[in-house]
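Everything on this sheet refers to the single structure shown next.
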2 protein chains.
Amino acid sequence: MINDQTKNKPPFEAESVVFKALNHPVRLAILEVLRDGEHCVCHLSAYLGQRQSYISQQLIVLRESGLVQDRRDGWNVYYSVVNSLVFEIVDGVRALSGAEASTLPIAQTECTCPSCSSKKSN
Amino acid sequence: MINDQTKNKPPFEAESVVFKALNHPVRLAILEVLRDGEHCVCHLSAYLGQRQSYISQQLIVLRESGLVQDRRDGWNVYYSVVNSLVFEIVDGVRALSGAEASTLPIAQTECTCPSCSSKKSN
DNA sequence: TAATCATATTCAAATCCGTGAATATGATTA
DNA sequence: TAATCATATTCACGGATTTGAATATGATTA
């Protein structure tokens, strides 16, 4: 039980919560970025070239569906996936749909958060 | 490439087509019924207690997303899943969401199609 | 406590989706 | 070809989703 929206609901509602969260290009892109571990909102925003408030909106959907979790560290909030099974699902759907190995809408800007700056890569 | 909606589209559109098709209680219920092989529309309609035209609408979505295929035999049209990987995905999402093993909205009426009548079960 | 930083929230408009109702299509049989 | 059967399609409306814009919140530092 990874979210609280699954109790006493019509059949398949619990699954719908997850499918709904995954049915969105930007949210899928966010998950792709999170494949290699946690990232802060500012990094996701810069990397995906989307406004911060918009990324926040999508992160909230992902968080409320139970797919990601957040952790605050000073100024930054770092998001990560709760259960890596989600990647198997995404990969499965990708295989089903015959899509290529995900062409990410990449890196418009540099993220200036501490962890990104220290890495100094990507 | 199991559907035609995956070419020259924005990133993750192909995956979205599948996620969208799966994000629907009745369509998930239909897939559950199709776990044990092909079934005609009248059976799905009777078994799930939904009007035939409504089941048809949902089957069209599933078919256009490439998840199911149809086969005509006389009066009846039989639907079946194209790739059983879809069940692994559904099961994965179910595990992820912590849902129970799918409580189907079951059997209101009897289907009178040839294949159902001959089986004379369920 | 005031300024600053990253992040979250609210609001509204446009679009999309779900679904009932009615009806069309197309194969089959008489 | 007319009747009948299973299935498919169209239409319309109400509700949900998407997304830009503006702003709020809350932690941190000076």
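In what follows, every chain begins at residue 1, and chains take the letters A, B, ... in the order their sequences are listed.
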> Between A:Asn76 (CG) and D:dG26 (P), how many Å, whole number?
Replying inline: 18 Å
> Paired with C:dC16: which nucleotide, if any, by Watson-Crick or G-U wobble criteria at under 3.5 Å for both distances?
Replying inline: D:dG15
> Just how far, in rounded Å, is C1' of D:dA6 from NE2 of B:His39?
Replying inline: 17 Å
>> Using OP1 and OP2 only, check whether a side-chain N or O of A:Tyr79 sits under 4.0 Å from C:dA8.
In response: yes
> Is B:Ser65 reaching over with its side chain to a backbone N or O of B:Val17, donor-acceptor style, under 3.5 angstrom?
Replying inline: no
> Does D:dA22 pair with anything, Watson-Crick or G-U wobble, both distances under 3.5 Å, and if so, with which nucleotide?
Replying inline: C:dT9
> What integer distance in Å separates B:Gln57:CD from D:dC11:C1'?
Replying inline: 11 Å
> Over how many whole Å does the gap from B:Ile55 atom CD1 to C:dG20 atom P extend?
Replying inline: 11 Å
> Looking at D:dT18, C:dA8, D:dT7, which one has an atom nearest to any side-chain atom of A:His24?
Replying inline: D:dT18
> Between A:Gln52 (CD) and D:dT23 (C1'), how many Å, whole number?
Replying inline: 12 Å
>> Between P on D:dT7 and CG on B:Leu59, what's the gap in Å once rounded to a whole number?
In response: 10 Å
>> Go nucleotide by nucleotide along DNA chain D from the 5' end; which of A:Ser53 and A:Lys20 gets its closest nucleotide reached first?
In response: A:Lys20
> Linking I/L/V/M/F/W/Y whenever their side-chain heavy atoms sit closer than 4.5 Å, directly or via other members, would A:Val77 and A:Ile60 fall into one cluster?
Replying inline: no
> Are the side chain of B:Arg72 and the backbone of B:Gly74 linked by a donor-acceptor contact shorter than 3.5 Å?
Replying inline: yes
>> So, under a plain 3.5 Å distance rule, would you say the side chain of B:Gln50 forms a donor-acceptor pair with the base of C:dG20?
In response: no
> When you measure from the side chain of A:Trp75, which nucleotide among D:dT28, C:dT10, D:dT17 comes out closest?
Replying inline: D:dT28
> Which of these nucleotides, D:dT18, C:dG18, C:dT9, is closest to any side-chain atom of A:Ile60?
Replying inline: C:dT9
> Closest to the A:Tyr54 side chain: D:dT18, C:dA8, D:dT19?
Replying inline: D:dT19
> Under 4.0 angstrom, heavy atoms only, what part of the nucleic acid is A:Arg51 near: base, sugar-phosphate, or nothing?
Replying inline: base
>> Which heavy atom of B:Val41 sits nearest to which heavy atom of B:Ser56, and what is that distance?
In response: CG1-OG, 4.3 Å
>> Taking the nucleotide of DNA chain D with the nearest heavy atom to each, does A:Arg72 or A:Gln58 sit closer to the 5' end?
In response: A:Gln58
>> In this structure, how many angstroms lie between the P atom of D:dT18 and the CD1 atom of A:Ile30, rounded?
In response: 13 Å
> Is there a donor-acceptor contact under 3.5 Å from the side chain of B:Arg27 to the main chain of B:Ala21?
Replying inline: yes
> Rounded to the nearest Å, what distance is computed from the CZ atom of residue B:Arg71 to the P atom of nucleotide D:dA6?
Replying inline: 17 Å
> D:dT4 pairs with which nucleotide, Watson-Crick or G-U wobble, both distances below 3.5 Å?
Replying inline: C:dA27
